[in-house]
Amino acid sequence: MSRLYPVWGLVLATVCLSRSLVPAAGLLSAGRSHEPKHGTSVQFSDITRKAGIAFVHFKGNNGTSTILEEAGPGVCVADYDGDGYQDIYFVNGRDLYHRGMAARNALYHNNGDGTFTDVTEQAGVPGTAYGLGCVWGDYDNDGHPDLYVTQYGKNVLYHNNGDGTFSDVTDQAGVPATELGTTFHSAATFFDYDRDGWLDLYAGGYANFLPGSKRNCDIGHGILSSCRPSAYPGSPDVLYHNNGNGTFTEVTRAAKIYQPNGFNLAVGAADYDNDGWPDLFVANDGTDAYLYHNNHDGSFTNIAATSGMAYTAEGNAMAGMCIALGDYDNDGYLDLLITDFQMMSDHLWHNDGKGYLEEVSQQAGITGPTRQVLSFGGGFFDYDNDGWLDIFIANGSVYPEIEKVTPEVHYKQLNSLFHNEHRGWFSEVSKSSGPGFAIPYAGRGVAFADLDNDGWLDVVVANNGDPPLLLHNEGATDKVPNHFVSFRLVGTRSNRDAMGARVKLLAGGLSQIREIAGGGSYMSQSDLRAHFGLGGATAIDRLEVTWPSGLRQVWHHLAADHFYEIEEGKDRVGMERFTPHRFVLSSEEKRNAHLAQATLKQRSFYEGEPLP
C-alpha cells in the first residue's frame, strides 16, 4: 500500500489563405447503424518527431523545482491562418534566474501533409514572460482567431493580423489580468456570457507565489520538493467584458464572481442546465470548486454546493486540475469531469437534467484506475467514432523527488485512456491502445484535434520539462469501421467562433450533442470544430444548431464522412475543401478513398424562429 505524503494542492494542482467552400447536400437516406464495436483495437502512435515538432518544454528550475516550475504547460490548437488544418501553440517557461538561458513559446503551422513548421518568429508570438496556459478566440469578429497567453506576471493578448502575423495588443485591449493583484495566472477561456455577439474573457488566478515566497517544502524524510498551494495565499480571478471596439472592461465584482483567495487551475464555460446561457465551471486546488450560474443579467451566482459538485461525494476538497464537459451518456445534458491528485482518484458527475450533478465515479469505473496516478489535463472525446464519448487523461506528479520518499510513486507516469461501454461505465484500455501510451511523462495540458483531417481525433499532450506528445489516431480498422462528421460553425449575429452554440444530431437512432467551447482541459484548448462519431450510420437523419443569438436551424439527410461549415442564418451548408494528404498510414488511405466516393448533394431546410 502506498504511503500518503504531502500533496501539492492538498490532495496540487487541483485540477485544452482562404477556405474554399462548395455547396453540399445530403445523401438519399440515412444509413443503418450497427452495434458499436469496442474501441480497444484503435491504436495511437507517437508521431512527434516524424511530424517535425522539435519543441521541448523548459521549466527553468535552478535546482529543486518550485510550485511555478511544476505547474505548466498548456497547449492550444486552432486554424490560425484559415487553411483548414489545425495548428498548435505550445507554452514555455523562462529563465527567472538570469542565467542567460533562452526560451520561448512555439507556434507550429500545420503543413497539411503530416508535418508542422515552427513559425513563431515570423508570426511574432514568442510570449512575453514565464508562460503557463493559452486560449484562442476571435475577440474582434474579424474572422481570424486571436491568442491569449496566461503568464507569471502580466498576460499577453496577440491580435491575429490575418496575414500570418500577430500584434501584441495587451495594453491597448486592457487585458493584462493584473488589476486585482494576481501574478500567477492559470487557466483562461473566451465565452460570450451576455450573448451580445462579442467574446468575453475569464482568467483564473493561482497561488500568490512571489519572488520572496517560500520556494521548497519537505515532502518527507527531509526531502525538499515543490510546495503545495496551501503554503501560499490564493489570488483573485478576473472577468473582462468585451466592449465590441477592440477593448475590454474588467467587471469581476460587478458580475459577482470575484474570489480573492482562489486557486484556479482549470475553467470551462458551458450551458449545463440547457437554459441557453453559458455557465462557468472553475476547478480549484485544495478548496471547493465553483459553478457560476449565469443569471442572464450580466451577473453570476455560485451554486456549486447546491448543484453537488463543490466537493467530492465524500465531502472532500479536490486538487482540481482539469475541467471537461460532455454528454457521455447521450441524454442531452452535459456531464462533468474533474481530475484530482494521486490517491484521491478522478471524479465524474452525471447531470440529471434538473440542475443537480451526481458524482458517479465509482459506478462509472474510473475510481480504481485513477487512484495511483496524479491526473492533469484531458477530457471527453470519441476516439473510435462509435457515437459515445470516451475519456483521455494526462498524468504526472509535481514532486520530481517523490521516488526518494515513496519509491512506488513515480514522477513521470503513463497516460490513461477509457473506453465508453455505453452503459454508464468506462473500461481502461490504455495498455492495448498502442505505442502512444508506452512512455511515462510529467503530463500537463491536453488538446484534442483532428490534425490530419482524416475523421479520427488525435491528441496533443504538453509535458513538463520534456517534448510534447503528438498521438496520432490510426483510425479505421476492419474491427472499427465507424463513420464520422465534423462541423465548423461561423457566427454572424453570434460571436464569430460560435462559442456557446449547441449542435444536436440524430443518426442511426442515436442522438448526440456538442457545445462549441474554448478553454477547458488543463490550461489548454481543443479544436473548436464539433466532431461526432456515427458508428455504422452513413448519414445524418437530423441536424439542429442553436446559436447564442437564439436562432435555431435544422437540416435533414446530410452525408457522413465530411467536414462541413455552417454559417449562422444561411440555409445552405458548405463543405470544407482542403488538399488531400497522407500520414503514410494505410488507414488514412482507406479513409480518403471512402471520402472520395461521398455524394455532394444535400437537402436542407431552415427553421428561423428565434428561441425565447
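- A donor-acceptor contact shorter than 3.5 Å links the side chain of S430 to the backbone of L417.
- The distance from atom CZ of R502 to atom CD of E544, rounded to the nearest 0.5 Å, is 10.0 Å.
- At least one donor-acceptor pair closer than 3.5 Å links the side chain of H185 to the backbone N or O of G153.
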Between F376 and L265, is a side-chain contact (heavy atoms from CB on, under 4.5 Å) present by the stated rule, with each step listed? CA-CA 10 Å; F376 272 86; L265 280 180; 5.6 Å; no

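- Between F300 and Y292, the shortest heavy-atom contact is CD2-O, 3.6 Å.
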* Asked: Yes or no on side-chain hydrogen bond (donor to acceptor under 3.5 Å, both in side chains) for N385 and H531, after CA distance, side-chain angles and deciding distance?
  -> CA-CA 9 Å; N385 283 343; H531 178 102; 2.9 Å; yes

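- Once rounded to the nearest 0.5 Å, the distance linking CG of N295 with CG of D279 reads 9.0 Å.
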Problem set entry | Full working for side-chain contact (heavy atoms from CB on, under 4.5 Å) between D458 and L471 | CA-CA 6 Å; D458 310 301; L471 298 180; over 6 Å; no

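- A 4.5 Å side-chain heavy-atom check between V490 and R496 finds at least one atom pair inside the cut-off.
- Within the 4.5 Å cutoff, side-chain heavy atoms of L510 are placed close to those of W388.
- Within the 4.5 Å cutoff, no side-chain heavy atoms of F487 are placed close to those of I516.
- Closest approach of Y232 to K214, counting heavy atoms only: OH-O, 2.6 Å.
- The closest donor-acceptor contact from the side chain of N330 to the backbone of Q512 lies at 3.5 Å or more, if one exists at all.
- Using modelled atom types and a 3.5 Å distance limit, the side chains of H293 and D273 yield a donor-acceptor pair.
- Salt bridge status for D352 with K354: absent, with no side-chain N to carboxylate O gap under 4.0 Å.
- T183 OG1 to L180 CG: the interatomic distance, rounded to the nearest 0.5 Å, is 12.5 Å.
- Residues L348 and F426 meet the side-chain proximity criterion, which asks for heavy atoms closer than 4.5 Å.
- In this structure, the ring of Y202 has its center no less than 6.0 angstrom from the ring center of Y193.
- Within the cation-pi definition used here (under 6.0 Å to the ring centroid, within 45° of the axis), R253 qualifies as a partner of Y258.
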* Assess whether side-chain hydrogen bond (donor to acceptor under 3.5 Å, both in side chains) is satisfied between N155 and Y148, documenting all intermediate values. => CA-CA 7 Å; N155 294 344; Y148 189 70; 3.1 Å; yes

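- With hydrogens and angles disregarded, a donor-acceptor distance shorter than 3.5 Å links the side chain of E515 to the backbone of D271.
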- Task: Verify side-chain contact (heavy atoms from CB on, under 4.5 Å) between H350 and Q363, making sure each step is shown before the conclusion.
- Result: CA-CA 11 Å; H350 177 257; Q363 304 93 302; over 6 Å; no

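- V282 is not listed as a side-chain neighbour of I323, based on a closest heavy-atom distance of 4.5 Å or more.
- Applying the side chain to side chain donor-acceptor pair (under 3.5 Å) criterion to S486, with sequence neighbours excluded, gives no partner residue.
- Rounded to the nearest 0.5 angstrom, S427 OG and D390 CG are separated by 8.5 Å.
- Neither side chain, S186 nor N264, offers a donor N or O lying under 3.5 Å from an acceptor on the other.
- Using a distance-only test at 3.5 Å, with no hydrogens or angles considered, no donor-acceptor pair links the side chain of R493 to the main chain of W547.
- A heavy-atom distance below 4.5 Å is found between the side chains of V429 and Y383.
- Checking N395 against S416 by side-chain atom types alone, a donor-acceptor pair falls below 3.5 Å.
- Under the 3.5 Å distance criterion, the side-chain polar atoms of N351 are matched with a main-chain donor or acceptor of Y272.
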Exercise. Please walk me through it: do K504 and D327 pass side-chain contact (heavy atoms from CB on, under 4.5 Å)?
Worked result: CA-CA 11 Å; K504 181 179 181 180; D327 182 13; over 6 Å; no

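- Between F448 and F381, the distance from one ring center to the other falls under 6.0 angstrom.
- If you take CG on N261 and OG on S235, they are separated by 8.5 Å, rounding to the nearest 0.5 Å.
- The backbone N or O of E69 sits nowhere less than 3.5 Å from a side-chain atom of S65 that would complete a donor-acceptor pair.
- The closest side-chain heavy-atom distance from I402 to I219 is below 4.5 Å.
- In terms of modelled atom types and a separation under 3.5 Å, the side chain of S299 and the main chain of K256 share no donor-acceptor contact.
- N302 places a side-chain N or O within donor-acceptor distance of the main-chain N or O of A304, the cut-off being under 3.5 Å.
- Shortest non-hydrogen contact noted between P236 and T182 is O-OG1, 2.6 Å.
- Closest approach of L199 and D138 over heavy atoms only: CD1-N, 3.7 Å.
- Taking 4.5 Å as the limit, some side-chain heavy atom of E359 sits within range of a side-chain heavy atom of W349.
- Put simply, OG1 on T370 and CD on Q342 are 10.5 Å apart, with the number rounded to the nearest 0.5 Å.
- Using the six-membered ring where Trp is involved, F184 and Y152 have ring planes that are perpendicular, over 60° apart on the 30 and 60° scheme.
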Step by step, work out the salt bridge (charged side-chain N to carboxylate O under 4.0 Å, His left out) result for R444 and E70.
-> CA-CA 9 Å; R444 298 294 187 261; E70 288 299 322; 3.1 Å; yes

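- For the pair S494 and S549, the tightest heavy-atom approach, listed with the atom from each and the gap, is OG-N, 3.0 Å.
- A distance-only check finds no donor-acceptor pair linking the side chain of N141 to the backbone of W198 [under 3.5 Å].
- Partner of F341 under the side chain to side chain contact (heavy atoms under 4.5 Å, CB included) criterion, chosen from V398, V373, D285: V398.
- For the residue pair N420 / Y328, no side-chain donor-acceptor distance below 3.5 Å is found, with atom types taken as modelled.
- Considering every non-hydrogen atom in both L389 and D382, the closest pair reads CD2-N, 3.9 Å.
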